[in-house]
Amino acid sequence: MDWIVDTPEKKVVVMTGSGISAESGIQTFRGAHGLWENHRIEDVASPIAFRRDPVMVWNFYLQRRKQALASRPNAGHLAVSELESWVTAGGGDFLLVTQNVDGLHKRAGSRNVIEMHGSLVFSRCTACREIFPDECTDMELPPHHDCPQKGLLRPHIVWFGESLFPGDMENIESAIRSCDVFIVIGTSGTVYPAAGLVHYANSLGIRTVCVNKDAPANLDLFDIFIQGEAGTELPRRLFPGKKAEGNTP
Ligand code: BV8
């Protein structure tokens with residue numbers, strides 16, 4: 001049995017995609033043939049779409065916020081949170097980078113998290129740019145902020161064609177530069193710059209591990225590929241700290 005992390009005093013970076021939330025009942029992007037509520041994600045998750053039809057985009061994200069708030073973290077999220085506790089208690093460093101906007105990693109107890117594509121439970125004012133927690137699920141129309149400019153609210157999400165939040169990429173790359181292992185879970189490796197991070201880790205000679213239900217687009221960039229569902233594979237393989245039944249080290 002290959003443990004992915006064999007001693008706690010390691011420096012570990014984990015990156016996840018929608019696949020880790022699939023077992024919580026949240027559909028993945030490609031798994032839904034790229035459709036969400038019959039929308040192609042690229043057609044809705046963009047500033048152009050929001051300018052063209054703010055009500056449709058606002059409600060698209062309202063539906064996803066409702067679904068996320070009604071969902072629960074699964075064994076995969078919990079295993080990542082346990083790994084963080086085990087590594088940090090042993091004197092190691094841990095960073096979780098997630099492409100997901102569902103908030104399930106934080107609800108599973110993960111602490112050092114970069115939600116690189118934003119979060120469904122935050123909104124942002126398009127005028128004053130204030131970002132604030134927002135778990136409201138009954139505003140069918142995008143509300144206006146109570147700032148002087150009365151700006152239209154938008155989801156605090158990184159859309160296609162938008163840059164990541166300031167500093168995030170630098171912090172992610174800095175953590176990868178100093179890590180011993182980069183573990184990528186539940187992502188098809190098709191969206192950049194997230195999908196490029198394994199290239200970066202490779203260029204630095206860092207061990208790269210992929211845990212995924214299907215072979216990702218960038219499979220050849222990984223040292224180890226564990227094919228399977230995150231909820232099953234992660235508790236068994238992430239670290240020897242927890243003896244799951246049926247483990248044969
Ligand atoms: C950027 C938030 C610089 C939204 C997301 C033209 C113009 C502008 C940009 C581009 C362009 N062409 C290309 C680009 C770059 C673009 C891009 O990469 N496009 C792709 C489509 C080619 N990227 C960007 O625009 C990024 N910004 O480049 O800024 C810039 C700025 C201005 C102008 C030019 C450049 C911003 C990208 C962020 C977009 N926002 N999310 C929302 O959620 O609504 S992306 C969204 O899709 C996710 O966050 C995630 O990143 C991606 C979906 O990917 P996955 O998570 O991997 O999901 P998927 O379904 O694909 O795969 C799931 C996997 O899980 C599968 O492999 C499956 O096998 C596996 N799985 C399933 N079940 C399980 C499992 N694994 C384990 N266990 C299971 N149980």
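Just so you know, ligand 1 is whichever comes first in the structure, and atom 1 is the first atom listed for that ligand. Note that the structure is a prediction, hence the values are computed from the model and not measured. Nothing fancy with the numbering, it's 1 onward along the sequence.
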| field | Contact (N/O only, under 3.5 Å) between Gly161 and ligand 1 | value | yes

| N/O to N/O below 3.5 Å, does that happen between Ile157 and ligand 1? | no

| request: May I ask you to decide whether Asp102 forms a salt bridge with Arg107, counting only side-chain N to carboxylate O separations under 4.0 Å? | output: no

| query | Looking only at N/O atoms, are Ala22 and ligand 1 under 3.5 Å apart anywhere? | reply | no

| request: Could you tell me if any non-hydrogen atom of Gly228 lies under 4.0 Å from any atom of ligand 1? | output: yes

| Which ligand 1 atoms, with their elements, are less than 4.0 angstrom from a heavy-atom of Glu23? | 78 (N), 79 (C), 80 (N)

| request: Mark the output for Ala194 as yes if a heavy-atom distance to ligand 1 is under 4.0 Å, and as no if none is. | output: no

| said: Side chain or backbone, does Trp159 bring an N or O within less than 3.5 Å of an N or O on ligand 1? | reply: no

| What do you reckon, does Ile20 have a nitrogen or oxygen under 3.5 Å from a nitrogen or oxygen of ligand 1? | no

| Distance only, no hydrogens: is a donor on one side chain within 3.5 Å (strictly under) of an acceptor on the other, for Thr208 and Asp223? | yes

| Judging by distance only, is a nitrogen or oxygen of Thr187 under 3.5 angstrom from one on ligand 1? | yes

| task | Name the orientation class of the two ring planes belonging to His156 and Phe165 (parallel below 30°, tilted from 30 to 60°, perpendicular beyond 60°). | result | parallel

| task | Could you pull out the closest heavy-atom pair between Leu152 and Pro54, with the gap in Å? | result | CD2-CB, 4.0 Å

| Under 30°, 30 to 60°, or over 60°: which ring-plane class applies to His77 and His105, parallel, tilted or perpendicular? | perpendicular

| field | Glu233 near ligand 1 by a heavy-atom separation under 4.0 Å | value | no

| query | Is ligand 1 less than 4.0 angstrom away from at least one heavy atom of Phe60? | reply | no

